[in-house]
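Here is the structure we will look at.
This is a predicted model, so every value here is computed, not measured.
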Amino acid sequence: MGEEEEPGWEVEPDDEWGVAVIATVGRQLRLRREAVALRAADFAKAVGYSEDMVYKVESGKRIPRPEYLDKADKLLDAGGLLAAMKEDVEKVRYPKKVRALAEVEAKAVELQLYDPLSVHGLLQTPEYARALLMMRRPAYSDTEIERYVTARMARKSVFERDPAPEISFVLEEWTLRRPLGGREALRSQLQHLLEVTKLRNVELQVMPMDRQEHAGVDGSIEMLKFSDGSAVGRSPALANGRPVEQPKHLRILELRYGIIRAQALTPRESTSFIEQLLGAT
């Protein structure tokens with residue numbers, strides 16, 4: 001579908017804050033339109049969307065895109081009030097669980113991340129992320145895929161923070177060899193990883209496939225540490241994958257992650273290894 005038919009995404013029903021935001025925005029759009037005595041059909045034609053979509057946005061059933069609000073602001077002479085809603089609307093565009101994860105990541109001063117199944121989300125290029133999401137079964141719709149890709153890319157703001165957090169990644173060799181999305185997508189992903197290795201606050205390590213000992217057999221590990229000394233961790237093998245904060249659980253995750261790092265290639269060796277893979281791809 002073209003943009004004219006798809007001005008936004010649907011808000012998740014269980015996202016109470018998101019539902020409230022989109023309902024408020026929709027109500028303001030409708031009140032502004034009615035205040036200037038502009039019919040929905042005429043407004044739709046002016047902003048370049050269908051009348052049905054205008055009604056969906058105004059009834060809070062559809063998340064408007066930023067450009068939709070910009071056009072509406074000018075057309076309805078709102079003086080910037082509608083355009084000012086873009087910040088909250090932008091947040092709602094991301095799924096609730098992704099938004100919550102990004103908020104936690106934004107507060108962390110140290111992140112320790114291991115994903116045995118794919119390149120970690122914070123390291124993915126849009127092409128790789130899209131290819132990965134297209135593999136999911138049951139299959140996501142095109143709209144869902146684009147929403148998740150957009151949200152995943154937005155999480156990368158963690159690299160731009162000042163002061164920057166210390167971030168450690170351990171990647172599995174096989175995830176750097178499998179050409180999800182095609183050879184060009186893989187090349188782009190490998191090139192991106194090499195760019196990330198240049199960041200002083202990031203350490204990236206590769207776990208070779210020929211290792212005879214591997215402490216990561218219990219699955220992924222996420223450890224986030226905060227400035228007040230607290231931490232939160234998560235792994236599918238601990239507490240059924242729920243986030244944990246108890247010292248005894250965090251100690252287990254820290255132990256496993258430390259051993260995984262020790263078993264993997266060093267950051268310098270990993271960079272050379274990725275360069276070799278890129279040359280052979």
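The shortest non-hydrogen separation linking A83 to D70 is CB-OD1, 3.7 Å. Between R32 and D77, the shortest heavy-atom contact is NH1-O, 4.4 Å. Closest heavy-atom contact between T175 and P116: CG2-O, 4.0 Å. Annotation for L69 and M85: closest pair CD1-C, 4.3 Å, computed over non-hydrogen atoms. The two residues L194 and T197 come nearest to each other via the heavy atoms O-OG1, 2.5 Å. Across every non-hydrogen atom of A72 and F43, the tightest pair is CB-CZ, 3.8 Å.
Pairs of residues two or more places apart, or lying in two chains, never qualify as salt bridge (Lys or Arg N to Asp or Glu O under 4.0 Å) while including a residue from residues 179-194.
Using a 4.5 Å cut-off on side-chain heavy atoms (C-beta onward), R33 and L76 make contact. Side-chain atoms of E203 and E166, non-hydrogen and from C-beta on, never get closer than 4.5 Å to each other. The side-chain heavy atoms of V206 and T271, taken from C-beta on, include no pair separated by under 4.5 Å. Side-chain contact between L113 and S168 is absent, with no heavy-atom pair separated by less than 4.5 Å. Side chains of I259 and Q263 form a contact here, defined as non-hydrogen atoms less than 4.5 Å apart. A heavy-atom distance below 4.5 Å is not found between the side chains of K45 and E51. Using a 4.5 Å cut-off on side-chain heavy atoms (C-beta onward), Y128 and S118 make contact. Inter-residue side-chain proximity for E110 and P165 is flagged as unmet; no heavy-atom pair is nearer than 4.5 Å.
Distance check: F169 CZ to L193 CG gives 9.5 Å after rounding to the nearest 0.5 Å. The CG atom of D52 sits 9.5 Å away from the NZ atom of K61 when rounded to the nearest 0.5 Å. Note that OG of S188 and CD of E127 are 5.0 Å apart. Values are rounded to the nearest 0.5 Å. For the atom pair Q205 CD and T266 OG1, the distance stands at 7.0 Å (nearest 0.5 Å). To the nearest 0.5 Å, atom CD1 of residue I167 and atom CZ of residue R161 are 7.5 Å apart. The CG atom of L133 sits 6.5 Å away from the OH atom of Y140 when rounded to the nearest 0.5 Å.
No more than 12 heavy atoms of other residues, nucleotides or ligands lie within 6.0 Å of CD in E16, so this atom counts as exposed by the packing criterion. Counting heavy-atom neighbours within 6.0 Å of M134 CE, excluding the residue itself, gives a total of 12 or less. The environment of D210 atom CG is dense: over 12 non-hydrogen atoms of other residues, nucleotides or ligands sit within 6.0 angstrom.
Looking only at distances, no side-chain donor or acceptor of D115 sits under 3.5 Å from a matching main-chain atom of S220. Looking at K71, its side chain does come within 3.5 Å of a backbone N or O of V47 through a donor-acceptor pair. No donor-acceptor pair closer than 3.5 Å links the side chain of D218 to the backbone N or O of A237.
Using a cutoff of 4.0 Å between basic side-chain nitrogens and carboxylate oxygens, E195 and K198 are scored as salt-bridged.
In terms of the side-chain contact (heavy atoms from CB on, under 4.5 Å) criterion, residue partners of A164 (sequence neighbours excluded) are, by chain and number, N201. In this structure, the side-chain contact (heavy atoms from CB on, under 4.5 Å) partners of S230, at least two apart in sequence or on a different chain, are F226, D228. Partners of H192 by ring pair (Phe, Tyr, Trp, His ring centres under 6.0 Å), not counting sequence neighbours: none found.
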Assess whether side chain to side chain contact (heavy atoms under 4.5 Å, CB included) is satisfied between R27 and E58, documenting all intermediate values. CA-CA 6 Å; R27 184 163 55 251; E58 291 184 351; over 6 Å; no
Give the C-alpha distance, both sets of side-chain angles, the deciding distance and a yes or no for side chain to side chain contact (heavy atoms under 4.5 Å, CB included) between L122 and F159. CA-CA 9 Å; L122 289 177; F159 292 110; 4.2 Å; yes
Between L38 and L75, does the side chain to side chain contact (heavy atoms under 4.5 Å, CB included) criterion hold? Intermediate values first, please. CA-CA 10 Å; L38 187 63; L75 185 63; 4.1 Å; yes
Could you please spell out the steps behind the salt bridge (charged side-chain N to carboxylate O under 4.0 Å, His left out) verdict for E144 and R147? CA-CA 5 Å; E144 288 175 318; R147 188 180 190 194; over 6 Å; no
Derivation of the side chain to side chain contact (heavy atoms under 4.5 Å, CB included) call for R30 and E34: CA-CA 6 Å; R30 179 176 59 80; E34 292 176 345; 3.4 Å; yes
I'd like to know whether E172 forms a salt bridge (charged side-chain N to carboxylate O under 4.0 Å, His left out) with R211, so could you lay out the CA-CA distance, the side-chain angles of the two residues, the decisive distance to 0.1 Å, and finally the verdict. CA-CA 11 Å; E172 289 290 341; R211 288 293 192 259; over 6 Å; no
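Think of Y55 as one node in a network of Ile, Leu, Val, Met, Phe, Trp and Tyr side chains linked at under 4.5 Å; it has no links at all. Taking Ile, Leu, Val, Met, Phe, Trp and Tyr as hydrophobic and joining them when side-chain heavy atoms fall under 4.5 Å apart, one finds V244 in a cluster with Y114, V170, M207, I221, M223, L238, L250, I252, L253, Y257, I260.
Using cut-offs of 30° and 60° for the angle between ring planes, the Y68 and Y49 rings count as tilted.
Under a hydrophobic clustering in which Ile, Leu, Val, Met, Phe, Trp and Tyr are joined whenever their side-chain heavy atoms come within less than 4.5 Å, directly or via other members, L111 and V109 fall into different clusters. Grouping the Ile, Leu, Val, Met, Phe, Trp and Tyr side chains by contacts below 4.5 angstrom, directly or via other members, places L278 with L123. Cluster annotation: V149 and L180 are assigned to distinct hydrophobic clusters (Ile/Leu/Val/Met/Phe/Trp/Tyr, side-chain heavy-atom contacts under 4.5 Å, transitive). In the hydrophobic cluster analysis, where Ile, Leu, Val, Met, Phe, Trp and Tyr join through side-chain heavy atoms closer than 4.5 angstrom, M135 is grouped apart from Y148. Under the 4.5 Å side-chain heavy-atom criterion for ILVMFWY residues, a single connected hydrophobic cluster contains both L199 and L171.
With respect to Q124, the side chain to side chain donor-acceptor pair (under 3.5 Å) criterion is satisfied by exactly one of R130, R152, K156: R152.
Between the side chains of Q189 and Q191, not a single donor N or O lies within less than 3.5 Å of an accepting N or O.
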